[in-house]
Chemist: 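Got a structure for you, written out below as structure tokens; questions coming shortly.
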Amino acid sequence: MKQLRIDLGERSYDILIGPGLLDQTGEEAGKRIPGRRAVVVTHPRIRQLYGTQVMYSLEQSGFETFCIEIPEGETSKTIKEAERVFDFLIDSQCNRRSILVALGGGVIGDLTGFVASTFMRGIPFIQIPTTLLSQVDSSVGGKTAVNHPKGKNLIGAFYQPRLVLIDTNSLTTLPEDEYRAGLAEVIKYGIIADPALFDFLIQNSEKILNRDETCLEHLIETSCSIKAQVVERDETESEYRMILNFGHTLGHAVEALTDYSKYKHGEAVAIGMVFAAKLSRESGLCSDKVVTQIKNLVAKMKLPADLPKLETRDLIEAMYLDKKAIEKKIKFVLVRGIGEIEFVDTISESLLQKVLEN
């Protein structure tokens with residue numbers, strides 16, 4: 001087992017990475033949280049795969065354990081589903097000493113964290129991410145949210161988990177499209193902070209696509225380490241943490257305009273990263289070579305690179321709803337070179353239109 005620490009003072013917590021960790025859920029939770037009532041929030045399919053294992057571990061450590069299922073997909077990350085979890089917690093007589101366990105991917109993690117941040121003004125929760133995307137990105141850092149029909153993650157809070165427990169064995173059952181979607185966030189980390197990681201992805205692409213265990217542990221540990229450093233420096237995204245949104249400004253717009261149903265989050269981010277690279281080139285920040293490097297790696301990992309057929313005006317308006325946009329200025333994370341980024345909020349609509357339409 002590998003252990004990373006996110007140092008946030010009294011909100012600090014551990015990230016545990018390794019095979020077979022689901023069996024240690026109860027033991028590791030019990031070390032950190034005094035409560036003795038646990039509610040597992042998960043999808044039906046994930047419950048079939050891992051629910052019994054996690055709940056048994058919690059029960060063996062003295063937790064009275066309950067479970068609520070949320071339908072799969074980004075369309076379930078809503079206020080309506082959050083309200084259903086609130087009702088379940090109230091009906092189960094949960095209190096401030098109860099804990100929530102997010103067992104699943106990014107949707108489950110974000111939704112559970114949002115509920116934990118608001119139920120009785122905040123109760124403890126732990127993240128048990130079962131997708132590559134959630135293991136390398138969304139489970140770490142304390143961003144919790146639900147979507148609004150007009151934009152992604154517009155309703156939420158910064159609320160840190162007490163523990164992130166990453167069982168790498170869970171990736172063996174991950175559908176192929178979900179697995180590739182997670183690789184988009186790993187590519188992102190290479191672009192924004194780690195040229196060595198970017199090169200590792202290029203050199204080991206075949207092994208990675210075949211889910212080589214050694215490669216995966218390296219990708220997860222490196223990605224979590226990069227994110228931990230960013231979150232420690234800027235927990236609530238006042239400035240520097242925006243670096244993690246490379247590719248997300250357009251990606252979120254694409255998701256919203258396709259009703260959160262056509263693209264996996266990582267697929268939309270892949271499209272957004274190629275767009276951001278092209279926008280960087282047209283802004284004079286990077287060379288053609290950088291754009292080609294990014295586009296080629298996205299393609300190598302079998303991720304989409306091209307924009308869907310959406311109206312340019314609709315995409316621009318959706319980007320104005322991005323949480324980083326202030327007073328009709330969209331703040332983009334752009335790239336100068338692999339491992340070097342720049343924040344820019346002076347992109348004209350005419351330049352946006354040019355890049356979107358070419």
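In what follows, every heavy atom counts, from backbone to side chain, and hydrogens, waters and symmetry copies are set aside.
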Chemist: Quick one: are Glu69 and Arg45 in side-chain contact, heavy atoms under 4.5 Å?
Modeler: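 No, too far: nothing below the 4.5 Å cut-off.
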Chemist: Quick one: do Ile341 and Ile187 end up in the same hydrophobic cluster if we chain Ile, Leu, Val, Met, Phe, Trp and Tyr together by side-chain heavy atoms under 4.5 Å apart?
Modeler: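 Looking at the clustering, Ile187 is in the same group as Ile341.
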Chemist: Just so I know, are the side chains of Ile17 and Val164 near enough to count as touching, which here means a heavy-atom distance under 4.5 Å?
Modeler: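 In short, these two side chains do not touch, never coming nearer than 4.5 Å.
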Chemist: Test of understanding: clusters of I, L, V, M, F, W, Y form through side-chain heavy atoms closer than 4.5 Å, transitively. Do Ile226 and Leu201 belong to the same one?
Modeler: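 Same hydrophobic cluster.
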Chemist: In this structure, are over 12 heavy atoms from other groups packed under 6.0 Å from Phe88 atom CZ?
Modeler: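 Check passes, neighbour count above 12.
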Chemist: Provide the closest heavy-atom pair for Pro129 versus Ser139 in the form atom of the first, atom of the second, distance.
Modeler: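 Scanning both residues, the minimum pair turns out to be CG-OG, 3.6 Å.
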Chemist: Within the 3.5 Å criterion, strictly below it, is a donor on Glu237 or Asn245 matched to an acceptor on the partner's side chain?
Modeler: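 The criterion, which ignores hydrogens and geometry beyond distance, is satisfied for Asn245 and Glu237.
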Chemist: With a cut-off of 6.0 Å (strictly less than), are more than 12 heavy atoms of other residues, nucleotides or ligands near CD of Glu311?
Modeler: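 No - once you tally the heavy atoms of other residues, nucleotides and ligands closer than 6.0 Å, there are 12 at most.
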Chemist: Whether the side chain of Arg336 engages the backbone of Glu342 through a donor-acceptor N/O pair (distance < 3.5 Å, no angle test) should be reported.
Modeler: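 Flag not set: sc Arg336 to bb Glu342 has no pair under 3.5 Å.
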Chemist: Would you say the side-chain atoms of Lys188 pair up with the backbone N or O of Gly247, donor to acceptor, closer than 3.5 Å?
Modeler: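 Side chain of Lys188 to backbone of Gly247: no pair is present.
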Chemist: Mind checking whether His265 and His252 have side chains closer than 4.5 Å, heavy atoms only?
Modeler: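 Sidechains of His252 and His265: in contact.
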Chemist: More than 12 heavy atoms of other residues, nucleotides or ligands under 6.0 Å from CD of Glu206: is that the case?
Modeler: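 Atom CD in Glu206 is not crowded, with 12 or fewer foreign heavy atoms closer than 6.0 Å.
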Chemist: Please answer whether the main-chain N or O of Asn95 pairs with a side-chain N or O of Ser98 as donor and acceptor at a distance below 3.5 Å.
Modeler: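 It does hold such a pair.
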Chemist: Check whether Asn204 reaches the backbone of Lys207 with its side chain - one donor and one acceptor, N or O, closer than 3.5 Å.
Modeler: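 No.
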Chemist: Check Glu235 with Arg11, please: is the shortest side-chain N to carboxylate O separation under 4.0 Å?
Modeler: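 Salt bridge between Arg11 and Glu235, a charged N being under 4.0 Å from a carboxylate O: yes.
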Chemist: Compare every heavy atom of Ala184 with every heavy atom of Met273, then report the nearest pair and how far apart it is.
Modeler: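 Closest approach of Met273 to Ala184: CE-O, 3.4 Å.
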Chemist: Given Leu163, which partner from the list Val101, Ile128, Ile15, Ile126 fulfils the side-chain contact (heavy atoms from CB on, under 4.5 Å) test?
Modeler: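 Only match with Leu163 under side-chain contact (heavy atoms from CB on, under 4.5 Å): Ile126.
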Chemist: Any chance you could measure Leu297, atom CG, to Ile338, atom CD1, to the nearest 0.5 Å?
Modeler: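 Interatomic distance, Leu297 CG to Ile338 CD1, rounded to 0.5 Å: 8.5 Å.
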Chemist: Do any N or O atoms from the side chain of Thr25 and from the backbone of Leu58 form a donor-acceptor pair under 3.5 angstrom?
Modeler: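 Checked: no pair found.
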Chemist: Between Leu334 and Ser283, is any pair of side-chain heavy atoms under 4.5 Å apart?
Modeler: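 A side-chain contact under 4.5 Å exists here.
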Chemist: Can you confirm whether Thr130 sits close enough to Leu49 that some side-chain heavy atom of one is under 4.5 Å from a side-chain heavy atom of the other?
Modeler: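 SC-SC contact between Thr130 and Leu49 ruled out.
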Chemist: Can you check whether Ile166 reaches Cys224 side chain to side chain, under 4.5 Å on heavy atoms?
Modeler: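 Sidechains of Cys224 and Ile166: in contact.
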Chemist: I'd like to know if Lys77 pairs up with Glu81 as an ion pair, taking the criterion as any Lys NZ or Arg NE/NH1/NH2 lying under 4.0 Å from an Asp or Glu carboxylate oxygen.
Modeler: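 Glu81 and Lys77: not salt-bridged.
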Chemist: Begin with the C-alpha distance, continue with both residues' side-chain angles, and end with the deciding distance and a verdict on side chain to side chain donor-acceptor pair (under 3.5 Å) for Asp234 and Ser238.
Modeler: CA-CA 7 Å; Asp234 178 15; Ser238 59; 3.0 Å; yes
Chemist: Would you indicate whether Glu213, at its atom CD, is surrounded by more than 12 heavy atoms from other residues, nucleotides or ligands within a distance under 6.0 Å?
Modeler: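 Open: at most 12 neighbouring heavy atoms sit under 6.0 Å from CD of Glu213.
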Chemist: Would you check if there is a donor-acceptor pair between the side chains of Gln353 and Thr312 at a distance under 3.5 Å?
Modeler: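 Looking only at side-chain atoms, Gln353 and Thr312 do not form any donor-acceptor pair under 3.5 Å.
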Chemist: What about Ile90 and Phe125, same hydrophobic cluster or not, with Ile/Leu/Val/Met/Phe/Trp/Tyr joined at side-chain heavy-atom distances under 4.5 Å?
Modeler: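 Ile90 and Phe125: one cluster.
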Chemist: Should the heavy atoms of other residues, nucleotides or ligands under 6.0 Å from CZ of Arg5 be counted, would the total exceed 12?
Modeler: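 Yes, CZ of Arg5 has more than 12 neighbouring heavy atoms, counting only those of other groups under 6.0 Å.
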Chemist: Mind checking the OH-OG1 spacing from Tyr260 to Thr75? Nearest 0.5 Å is all I need.
Modeler: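 Answer rounded to 0.5 Å: 11.0 Å.
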Chemist: So, does Asn210 use its side chain to make a donor-acceptor pair with the main chain of Asp212 at under 3.5 Å?
Modeler: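 Flag not set: sc Asn210 to bb Asp212 has no pair under 3.5 Å.
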Chemist: Taking atom CD of Gln93 as the centre, report whether more than 12 heavy atoms of other residues, nucleotides or ligands fall under 6.0 Å from it.
Modeler: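 Count not over threshold, so no.
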Chemist: Is it possible for you to say whether Ile46 and Val107 belong to one hydrophobic cluster, with membership spreading through side-chain heavy-atom contacts below 4.5 Å?
Modeler: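 Not linked; separate clusters.
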Chemist: Would you call the rings of His218 and Phe200 parallel, tilted or perpendicular, where under 30° means parallel and over 60° means perpendicular?
Modeler: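 Tilted, since the angle between the ring planes falls between 30° and 60°.
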Chemist: Between CD1 of Ile155 and OG1 of Thr144, what distance do you get to the nearest 0.5 Å?
Modeler: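 Taking CD1 in Ile155 and OG1 in Thr144, the distance rounds to 11.5 Å.
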Chemist: Give the minimum heavy-atom separation between Lys143 and Asp110, together with the two atoms involved.
Modeler: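 Smallest heavy-atom distance, with atoms named: O-OD1, 3.7 Å.
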Chemist: Does a donor on one side chain sit under 3.5 Å from an acceptor on the other, for Thr42 and Tyr50?
Modeler: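 Distance-only check fails for Thr42 and Tyr50.
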Chemist: Are any of the side-chain heavy atoms of Ser57 and Asp23 separated by less than 4.5 Å?
Modeler: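 No, every pair of side-chain atoms sits at 4.5 Å or beyond.
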Chemist: Where the side chain of Asp167 meets the backbone of Leu22, is there a donor-acceptor pair that is under 3.5 Å apart?
Modeler: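 Yes; at least one donor-acceptor contact below 3.5 Å.
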Chemist: Picking from Lys31, Lys2, Arg32, what satisfies salt bridge (Lys or Arg N to Asp or Glu O under 4.0 Å) with Asp14?
Modeler: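 Result for salt bridge (Lys or Arg N to Asp or Glu O under 4.0 Å) with Asp14: Arg32.
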Chemist: Do Glu349 and Arg313 meet the salt-bridge criterion of a basic N to acidic O distance under 4.0 Å?
Modeler: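 Yes, this pair counts.
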Chemist: How many angstroms lie between CE in Met55 and CZ in Phe63, if you round to the nearest 0.5 Å?
Modeler: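 Spacing of CE (Met55) from CZ (Phe63) equals 13.0 Å.
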Chemist: Check whether Ser280 reaches the backbone of Val335 with its side chain - one donor and one acceptor, N or O, closer than 3.5 Å.
Modeler: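 Yes, Ser280 side chain to Val335 backbone: donor-acceptor pair under 3.5 Å.
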Chemist: For the residue pair Glu185 and His248, confirm or rule out a side-chain donor-acceptor distance under 3.5 Å.
Modeler: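 Yes, a side-chain donor-acceptor pair sits under 3.5 Å.
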Chemist: Could you tell me the separation between the CG atom of Asp288 and the CZ atom of Arg281, rounded to the nearest 0.5 Å?
Modeler: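 Here the interatomic distance stands at 5.0 Å.
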Chemist: Walk me through it: do Leu250 and Met319 pass the test side chain to side chain contact (heavy atoms under 4.5 Å, CB included)?
Modeler: CA-CA 6 Å; Leu250 181 75; Met319 285 191 282; 4.0 Å; yes
Chemist: Going by an N to O cut-off under 4.0 Å, is there a salt bridge joining Lys262 and Glu74?
Modeler: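 Looking at Glu74 together with Lys262, the answer is no, because their closest N to O distance does not fall below 4.0 Å.
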Chemist: Linking I/L/V/M/F/W/Y whenever any side-chain heavy atoms sit under 4.5 Å apart, do Val269 and Ile330 land together?
Modeler: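 As far as the 4.5 Å side-chain criterion goes, Ile330 and Val269 are not connected within one cluster.
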Chemist: Quick check against the 3.5 Å criterion: does Thr118 have a side-chain atom that pairs as donor or acceptor with the backbone of Val115?
Modeler: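 Checking the backbone N and O of Val115 against the side chain of Thr118, a donor-acceptor pair under 3.5 Å is found.
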Chemist: Give, for atom OG of Ser205 and atom CG of Asn296, the distance between the pair rounded to the nearest 0.5 Å.
Modeler: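 Ser205 OG to Asn296 CG: 11.5 Å, rounded to 0.5 Å.
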Chemist: Checking Asp259 side chain against Ser261 main chain: does a donor-acceptor pair fall under 3.5 Å?
Modeler: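 No, because the side chain of Asp259 does not come within donor-acceptor range (under 3.5 Å) of the backbone of Ser261.
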Chemist: Can you find a heavy atom in the side chain of Ile347 that is under 4.5 Å from one in the side chain of Val355?
Modeler: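 Ile347 does not reach Val355 side chain to side chain.
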